[in-house]
Amino acid sequence: MTSLQEMHDQARRDSIPLMKDDGMEFLLAFIQQDLNIRDILECGTAVGYSAIRMAQIRWDMTVDTIEIDPVMAETAAANIREHGLSDRVHVYCTDAAEFRTDRIYDLIFVDAAKSQYKR
């Protein structure tokens, strides 16, 4: 199994946009402090690194993560399966602006194309 550190380092070498390390640690600490955060929507999956990290905080957490690039979405899904989290982390391959669900999330984390934030 590829370790999270190896996944992180390979993504950096391949110029795949990952959240900065200090930002990731801040986000994880924020989620850990609030026991009411259980269901997360992440916009911008990349390789699945942050979705895996968030889901590993507690056993009762689920993450729905959206990725527009089909190749990246499949890579993320494979990484999530490899870490045994397919039952709690779900990858949707679509444009986040077009994603529709009736689900209510406790946290929505936007880590997609920065130029699309306003949209």
Taking all heavy atoms of [X] and all of [Y], pick out the closest pair and write down the distance.
| X | Y | answer |
| --- | --- | --- |
| Ala76 | Gly48 | CB-N, 3.7 Å |
| Val47 | Asn79 | O-ND2, 2.9 Å |
| Leu41 | Tyr105 | N-CD2, 3.5 Å |
| Pro70 | Cys93 | CA-SG, 3.6 Å |
| Arg12 | Lys20 | NH2-CA, 3.9 Å |
| Ala11 | Leu18 | CB-CD1, 3.6 Å |

Practice task
Considering only NZ, NE, NH1 and NH2 on the basic side and carboxylate oxygens on the acidic side, decide whether Asp106 and Arg38 come within less than 4.0 Å.
Solution key: no
Problem - Inter-residue atom distance Tyr49.OH - Met19.CE, 0.5 Å rounding - result: 10.5 Å
Sub-4.5 Å side-chain heavy-atom contact between [X] and [Y]:
| X | Y | value |
| --- | --- | --- |
| Leu27 | Met54 | yes |
| Val110 | Glu42 | no |
| Ile68 | Thr94 | no |
| Asp64 | Thr101 | no |

State whether the side chain of [X] and the backbone N or O of [Y] hold a donor-acceptor pair below 3.5 Å, judged by distance alone.
| X | Y | value |
| --- | --- | --- |
| Gln33 | Phe30 | no |
| Asp14 | Ile16 | no |
| Asp111 | Gly44 | no |
| Glu67 | Thr45 | yes |
| Glu82 | Thr2 | yes |

Exercise for the section: Let me see the working for Asp39 and Arg88 under salt bridge (Lys or Arg N to Asp or Glu O under 4.0 Å), right down to the final yes or no. Expected result: CA-CA 10 Å; Asp39 298 310; Arg88 297 190 298 116; over 6 Å; no
Practice task
Say whether Leu4 and Val91 are linked into one hydrophobic cluster, either directly or through other cluster members, by side-chain heavy-atom distances under 4.5 angstrom.
Solution key: yes
Practice task
Check the hydrophobic clustering (I, L, V, M, F, W, Y; side-chain heavy atoms under 4.5 Å; chains of links allowed) and say if Phe26 and Ile37 are grouped together.
Solution key: no
Practice task
Run through Leu107, Val89, Ile40 and flag the one making a side-chain contact (heavy atoms from CB on, under 4.5 Å) with Met61.
Solution key: Ile40
Practice task
Please report the C-alpha distance between Ile52 and Ile80 in whole Å, then the side-chain angles of each, then the deciding distance to 0.1 Å, and finally whether the side chain to side chain contact (heavy atoms under 4.5 Å, CB included) criterion is met.
Solution key: CA-CA 7 Å; Ile52 292 168; Ile80 290 160; 3.9 Å; yes
Exercise for the section: Please test Phe109 against Thr65 for side chain to side chain contact (heavy atoms under 4.5 Å, CB included), starting from the C-alpha separation and ending with a verdict. Expected result: CA-CA 9 Å; Phe109 171 50; Thr65 184; over 6 Å; no
Practice task
Examine the side chains of Arg103 and Thr62 and answer whether a donor and an acceptor come within less than 3.5 Å of each other.
Solution key: yes
Problem - Any side-chain donor near an acceptor of the partner, Gln56 and Arg53, under 3.5 Å - result: no
Practice task
Return yes when atom CZ of Phe99 has more than 12 non-hydrogen atoms of other residues, nucleotides or ligands closer than 6.0 Å, and no otherwise.
Solution key: yes
Exercise for the section: Could you walk me through whether Asp60 and Arg58 pass the salt bridge (Lys or Arg N to Asp or Glu O under 4.0 Å) test, one step at a time? Expected result: CA-CA 6 Å; Asp60 63 345; Arg58 285 192 314 275; 3.2 Å; yes
